[in-house]
Amino acid sequence: MADEFTTTVYRDEDADSSYIESETVAVLGYGSQGHAHALNLHESGVDVIVGLRENSSSWDEAEDAGLRVETPDVAAAEADVVKMLVPDTVQPAVYEAIEDGLDAGDTLQFAHGFNIHYGQIRPPEDVDVTMVAPKSPGHLVRRTYERGEGVPGLIAVYQDATGDAKERSLAYAQAIGCTRAGVVETTFQEEVETDLFGEQAVLCGGVTELMKMGYETLVDAGYSPEMAYFECMNEMKLIVDLIYEGGLMGMWNSVSDTAEYGGLTRGEYVVDEEYAREGMEQVLDEVQDGEFAREWISENQTNRPSYKQLRAAEEDHEIEDVGGRLRDLFAWEAQEDADEKEQVQADD
Ligand SMILES: NC(=O)C1=CN([C@@H]2O[C@H](COP(=O)(O)OP(=O)(O)OC[C@H]3O[C@@H](n4cnc5c(N)ncnc54)[C@H](OP(=O)(O)O)[C@@H]3O)[C@@H](O)[C@H]2O)C=CC1
Ligand SMILES: CC[C@](O)(C(C)=O)C(=O)O
Ligand SMILES: [Mg+2]
Ligand SMILES: [Mg+2]
């Protein structure tokens with residue numbers, strides 16, 4: 001075990017805002033991350049132009065928020081920093097539309113390194129290529145910023161043509177609120193491989209399979225869907241909040257001794273070390289050897305047949321219907337969060 005934490009955690013005082021305040025930033029995309037970065041940068045005093053398609057459903061929303069909106073090519077041509085916040089699979093096409101607007105000394109910046117790491121975008125050698133990646137969903141990047149807080153973030157420098165790439169990345173991270181929480185430096189390869197693994201094996205894939213199977217097991221055994229939902233879905237946030245605040249022991253210290261003993265002895269009945277690790281290693285192998293990337297790129301080139309089928313099955317899962325009805329009946333969150341939640345669903 002490491003004697004001490006060797007990674008440098010950068011905070012507000014480590015960033016020099018002059019590296020971004022003098023720049024014009026084109027935020028391409030106004031979705032989960034895009035709206036948060038554009039609004040946070042704007043409120044931090046940075047000159048922002050949002051880049052959107054002419055028929056964009058987000059155009060009016062961004063303008064109503066007081067932001068200037070142009071098409072991506074116009075925004076990028078005027079900007080010194082171009083932030084790519086459209087979906088990963090459309091970034092190569094958007095890049096083709098804006099590359100002529102990249103001048104020597106400009107910055108092309110990402111929030112996930114997929115297209116650089118897997119060679120889908122190859123920028124010119126006279127621009128900085130960097131990443132500022134919030135380790136958080138975009139809507140929480142915005143919500144925490146508005147509360148004077150921030151979410152942890154990563155920075156990475158792929159190409160440093162100006163010699164200021166890291167300083168400008170830290171200044172950008174500060175302007176979207178990440179240095180309020182803490183920022184660590186990584187590489188494009190490490191961010192891509194850990195992020196894809198984490199979202200597939202744990203955060204979005206593994207955990208939701210556990211939640212659905214727990215719900216199905218209780219309902220199939222005759223328990224009410226409401227009880228199954230409360231136990232296996234709704235309470236997950238409360239348990240994870242305790243882990244977020246205080247680690248595993250923060251959670252174990254808060255739950256009952258009965259839950260602690262039961263969890264420590266029966267967890268491996270469900271997540272069997274041998275099979276789970278085998279599955280996780282396969283997920284990582286397919287990320288590292290590019291298999292997942294090739295599959296996802298091909299899926300998008302054929303109009304997403306599997307994605308659409310899987311998403312439809314998820315939307316049709318009984319747990320979504322039960323959860324929707326319960327969320328309407330219970331007031332378990334502050335009204336401001338409920339209103340913002342409505343906005344997230346409206347954005348989908
Ligand atoms: N979602 C998240 O929380 C996180 C995302 N990231 C990364 O951030 C980047 C952006 O992801 P995310 O915010 O989820 O993206 P979204 O799916 O939320 O992006 C939607 C935005 O992209 C625009 N858009 C969609 N298709 C096109 C197109 N063909 N041409 C131009 N604009 C288009 C949409 O505009 P329109 O209204 O015209 O459809 C909309 O403004 C990705 O690299 C992702 O990996 C990183 C960390 C977390
Ligand atoms: C966990 C999913 C994520 O990586 C994220 C919010 O960090 C994403 O790609 O959305
Ligand atoms: Mg992530
Ligand atoms: Mg991700």
Side-chain angles (χ1 to χ4, degrees), residues 26-40 48-65 67 69-76 82-98 108-118 120-121 129-145 151-156 158 172-173 176 178 183-184 186 188 190-207 283 287 292-293 296-297 300-301 303-304 307 311 343-348:
V27 176
L28 307 187
Y30 199 71
S32 178
Q33 291 289 332
H35 89 284
H37 291 230
L39 291 168
N40 294 4
V48 173
I49 309 173
V50 176
L52 289 171
R53 295 181 280 194
E54 281 178 334
N55 61 346
S56 169
S57 57
S58 324
W59 193 292
D60 292 346
E61 181 189 342
E63 282 191 333
D64 292 347
L67 296 166
V69 186
E70 301 290 351
T71 53
D73 56 325
V74 170
V82 179
K83 182 77 176 188
M84 193 66 88
L85 293 179
V86 297
D88 293 306
T89 50
V90 303
Q91 289 181 15
V94 172
Y95 176 74
E96 276 184 26
I98 64 103
L108 178 62
Q109 191 188 102
F110 297 84
H112 179 51
F114 186 95
N115 284 294
I116 293 292
H117 180 61
Y118 292 114
Q120 301 304 300
I121 291 176
V129 180
T130 60
M131 183 186 335
V132 176
K135 294 312 286 180
S136 161
H139 292 88
L140 293 180
V141 175
R142 179 63 185 155
R143 196 187 302 175
T144 52
Y145 178 91
V151 297
L154 304 178
I155 61 170
Y158 181 80
Y172 184 104
I176 65 169
C178 285
V183 168
V184 294
T186 184
F188 271 65
E190 185 176 54
E191 184 274 335
V192 169
E193 294 179 352
T194 55
D195 188 72
L196 292 178
F197 171 81
E199 64 200 21
Q200 295 170 22
V202 183
L203 302 174
C204 305
V207 164
V283 168
V287 165
F292 170 77
W296 181 223
I297 291 164
N300 283 274
Q301 288 168 343
N303 200 24
R304 297 184 161 188
Y307 174 90
R311 185 175 170 88
Q343 185 58 48
V344 171
Q345 280 145 4
D347 286 351
D348 274 353

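Numbers for residues simply follow the sequence, beginning at 1. Remember, it's 1-based here, ligands and their atoms both numbered in the order they're listed.
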Output for pair (Leu85 CG, His112 NE2), nearest 0.5 Å, gives 12.5 Å
What orientation do His35 and His139 show, parallel under 30°, tilted 30 to 60°, or perpendicular over 60°?
tilted
Any heavy atom of Val94 under 4.0 Å from ligand 1? The part involved is side chain
When every non-hydrogen atom of Ala173 is compared with those of Ile155, the smallest separation belongs to CB-CG2, 4.4 Å
In terms of the angle between their ring planes, are Tyr172 and His37 parallel, tilted or perpendicular, with boundaries placed at 30° and 60°?
tilted
Any N/O pair Ser56/ligand 1 closer than 3.5 Å: yes
Checking heavy atoms under 4.0 Å, the part of Leu52 that sits near ligand 1 is side chain
The option among Lys135, Glu191, Gln33 carrying the non-hydrogen atom nearest to atom 5 (C) of ligand 1 is Gln33
Original post:
Quick one: does Ser57 get a heavy atom under 4.0 Å from ligand 1?
Top reply: yes
For atom 1 (N) of ligand 1, the closest protein heavy atom turns out to be Ser32 OG, 3.4 Å
Any heavy atom of Pro72 under 4.0 Å from ligand 1? The part involved is neither
When distances are taken from atom 11 (O) of ligand 1, the protein heavy atom at minimum range is Val86 O, 4.2 Å
Original post:
Are any of the N/O atoms in Gly138 less than 3.5 Å from those in ligand 1?
Top reply: yes
Would you say Phe110 and Phe188 make side-chain contact, with heavy atoms under 4.5 Å? yes
Looking at Asp195, the N/O/S atom that lies nearest to the Mg ion (ligand 4) is called OD2
Take the angle between the ring planes of Phe292 and Trp296 and call it parallel below 30°, perpendicular above 60°, tilted in between. parallel
For ligand 1, is there an atom lying under 4.0 Å from some heavy atom of Ala93?
no
Logged contact type for Arg53 with ligand 1, heavy-atom cut-off 4.0 Å, is side chain
Out of Pro87, Ala38, Gly153, Gly31, the nearest non-hydrogen contact to atom 17 (O) of ligand 1 is supplied by Pro87
Atom 42 (C) of ligand 1: closest protein heavy atom, distance to 0.1 Å, is Asp88 OD1, 3.3 Å
